S.K.: 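Below you will find the structure I want to go over with you.
Remember, it's a predicted structure, so these values are computed and weren't measured experimentally. As the structure lists them, so they are numbered: ligands from 1, and atoms in each ligand from 1.
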Amino acid sequence: MELKGKHIILGITGSIAAYKSAMLARLLIKEGAEVQIVITPAGKEFITPVTLSALTGKPVVSEFFTANDGTWHSHVDLGLWTDLMIIAPATASTIGKMANGIADNMLITTYLSMKAPVMVAPAMDLDMFAHPSTIRNLEILRSYGNIIIEPAEGELASHLTGKGRMEEPEKIVAQAKDFFRQHQSLANKKILITAGPTYEKLDPVRFIGNYSSGKMGFALAEECAARGAEVILVAGPVSLKTSHPNIKRIDVESAEEMYNAAVKSFPNTDAAILCAAVADYRPTVQAQEKLKRKSETMILELTANKDIAAELGKIKNKNQRLIGFALETHDETANALKKIENKNLDFIILNSLNDKGAGFKYDTNKISILAQSGHRIDFPLKSKKEVAADIINSTLLI
Ligand code: CTP
């Protein structure tokens with residue numbers, strides 16, 4: 001009963017594989033899930049709603065209104081009720097509509113209103129599956145964060161053999177269980193994350209800043225929240241958005257503001273991941289009026305900012321984990337180990353500017369994780385989302 005209490009929407013579309021959806025619904029219910037079927041008009045040509053509602057004990061939703069009593073089915077309410085949406089089988093047409101927001105049936109409107117993660121199990125003929133439009137649409141769905149359950153190879157309804165057969169219901173249920181296992185891995189945890197650059201004001205129109213985009217810290221915040229954690233994200237000036245309702249975002253500008261927000265939030269958390277590229281210095285004087293060009297040279301006096309990581313390292317208790325980042329250009333390992341010691345970190349995530357595709361501007365990163373114990377793991381170049389998962393698995397879940 002691993003899915004006990006989980007609310008699952010099973011979306012069914014017009015493919016011959018729809019007959020397997022009845023088995024899928026039954027298996028999900030056997031694992032304890034509550035299943036609501038949403039079916040497209042074409043889906044009903046392949047499997048009758050009577051079979052499905054008999055299995056789930058709930059009326060099947062297909063139209064925006066119930067014809068006999070005019071009840072409106074709220075796709076928005078369904079979006080809020082759901083812990084996981086599984087669309088199986090998903091035809092090429094439905095995948096195309098999902099990718100492009102063509103909301104001409106109840107299933108697509110429900111998908112567009114969905115707050116929960118979505119799994120998509122394609123089912124189609126091998127040539128349709130291999131068509132560039134299908135490949136592109138699936139790529140778009142992946143970029144939305146949807147999980148694609150790859151179709152299997154085998155004999156298809158057309159009697160041709162190839163890739164396109166919907167994955168077997170048992171395997172889809174196994175993926176759903178895996179998903180919830182991973183999804184809940186940070187349930188009841190509270191995590192503080194700092195992200196982005198800081199701007200240190202020189203005068204009303206100028207600042208000293210750095211190239212940090214905030215992407216790594218935001219990817220960590222989304223991944224922690226997706227796994228059930230409550231996240232406090234202290235963000236420097238970045239143009240990124242957060243989408244998960246479990247992320248409480250505090251926008252700051254300077255290192256001092258970031259310090260105050262982080263030190264205040266830290267005592268109630270289980271861990272802090274300090275991803276921000278905090279300015280080490282700020283201008284000693286912040287001019288109230290715009291500085292005027294006066295001479296050929298100008299000397300700017302700077303004052304050291306407080307070190308957030310070092311302060312949290314001082315106040316942390318034995319149950320709290322503290323994870324820092326180090327972006328180095330030379331003597332990487334030695335410098336990173338020194339930071340672990342100086343700031344009393346449990347782990348440091350090392351990325352080197354010498355690695356192609358790693359660092360500030362990219363959507364990818366290549367990291368090594370060094371523990372206080374001296375243990376080290378090196379990872380290959382990956383997307384920042386995958387890197388976030390590696391960091392969580394290797395620092396918060398061990
Ligand atoms: N950090 C911080 N507060 C600061 C400076 C750094 O919290 N005022 C954190 C960063 O978020 C990062 C780690 O400390 O997790 C390492 O930052 P870095 O600037 O490389 O550390 P420094 O000790 O300033 O090292 P360096 O001599 O390379 O500047």
S.K.: In the protein, what heavy atom is nearest to atom 3 (N) of ligand 1, and what distance, to one decimal place, separates them?
M.R.: Ile308 N, 3.0 Å
S.K.: Could you verify whether a donor N or O on one side chain and an acceptor N or O on the other, from Arg321 and Thr395, lie under 3.5 Å apart?
M.R.: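 No, Thr395 and Arg321 have no side-chain donor paired with an acceptor closer than 3.5 Å.
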S.K.: Distance from Leu240 atom CG to Leu233 atom CG, nearest 0.5 Å?
M.R.: 9.5 Å
S.K.: Determine the sole option in Lys382, Lys385, Lys215 for which the salt bridge (charged side-chain N to carboxylate O under 4.0 Å, His left out) test with Asp363 is passed.
M.R.: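 For Asp363, the salt bridge (charged side-chain N to carboxylate O under 4.0 Å, His left out) test succeeds with only one of Lys382, Lys385, Lys215, which is Lys215.
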S.K.: Is atom 27 (O) of ligand 1 less than 4.0 angstrom from at least one protein heavy atom?
M.R.: no
S.K.: Heavy-atom distances under 4.0 Å are what count here, so tell me which part of Ala309 touches ligand 1: side chain, backbone, both or neither.
M.R.: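 Answer for Ala309: both.
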S.K.: Examine ligand 1 and decide if any of its atoms is less than 4.0 Å from a heavy atom belonging to Ala276.
M.R.: yes
S.K.: Compute whether any side-chain donor of one residue and acceptor of the other, for Ser373 and His375, lie under 3.5 angstrom apart.
M.R.: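 Judged by distance alone, the side chains do not pair up.
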S.K.: So which protein heavy atom does atom 23 (O) of ligand 1 come closest to, and at what separation?
M.R.: Lys343 NZ, 3.2 Å
S.K.: Any non-hydrogen atom of Asn305 lying under 4.0 Å from ligand 1?
M.R.: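 Heavy atoms of Asn305 never come under 4.0 Å of ligand 1.
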S.K.: Using a strict cut-off of less than 4.0 Å between a Lys/Arg side-chain nitrogen and an Asp/Glu carboxylate oxygen, indicate whether Lys338 and Glu328 qualify as a salt bridge.
M.R.: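 A salt bridge is absent here (no side-chain N lies under 4.0 Å from a carboxylate O).
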S.K.: Which heavy atom of the protein is the closest neighbour of atom 12 (C) of ligand 1, given with residue, atom name and distance?
M.R.: Phe325 O, 3.1 Å
S.K.: Considering the heavy atoms of Val278, write down every atom of ligand 1 situated less than 4.0 Å from one of them.
M.R.: 2 (C), 3 (N), 4 (C), 5 (C), 8 (N)
S.K.: Will you find, in the side chains of Asp125 and Ser158, an N or O donor that is under 3.5 Å from an N or O acceptor?
M.R.: yes
S.K.: Quick one: do Val35 and Phe180 end up in the same hydrophobic cluster if we chain Ile, Leu, Val, Met, Phe, Trp and Tyr together by side-chain heavy atoms under 4.5 Å apart?
M.R.: yes
S.K.: If I apply the N/O under 3.5 Å rule, does Ala279 come out as touching ligand 1?
M.R.: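 N/O-N/O distance under 3.5 Å: no.
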S.K.: Which is it for Met85 and Val38 under the side chain to side chain contact (heavy atoms under 4.5 Å, CB included) test, yes or no, and what are the steps along the way?
M.R.: CA-CA 10 Å; Met85 181 175 194; Val38 181; 5.7 Å; no
S.K.: Identify, for atom 8 (N) of ligand 1, the protein heavy atom at the shortest distance, and state residue, atom and that distance.
M.R.: Lys306 O, 3.0 Å
S.K.: Heavy atom under 4.0 Å from ligand 1: found in Lys339's side chain, backbone, both, or neither?
M.R.: side chain
S.K.: By number and element, which atoms of ligand 1 are closer than 4.0 Å to a non-hydrogen atom of Leu274?
M.R.: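 The list of qualifying atoms is 11 (O), 12 (C), 15 (O).
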S.K.: By number and element, which atoms of ligand 1 are closer than 4.0 Å to a non-hydrogen atom of Gly324?
M.R.: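 Reading through ligand 1 atom by atom, the close ones are 15 (O).
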S.K.: Using heavy-atom distances only, which candidate in Asn342, Ile348, Asp280 approaches atom 29 (O) of ligand 1 most closely?
M.R.: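 It is Asp280 whose heavy atom sits nearest to atom 29 (O) of ligand 1.
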S.K.: Do Lys384 and Glu222 meet the salt-bridge criterion of a basic N to acidic O distance under 4.0 Å?
M.R.: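 Salt bridge between Glu222 and Lys384, a charged N being under 4.0 Å from a carboxylate O: no.
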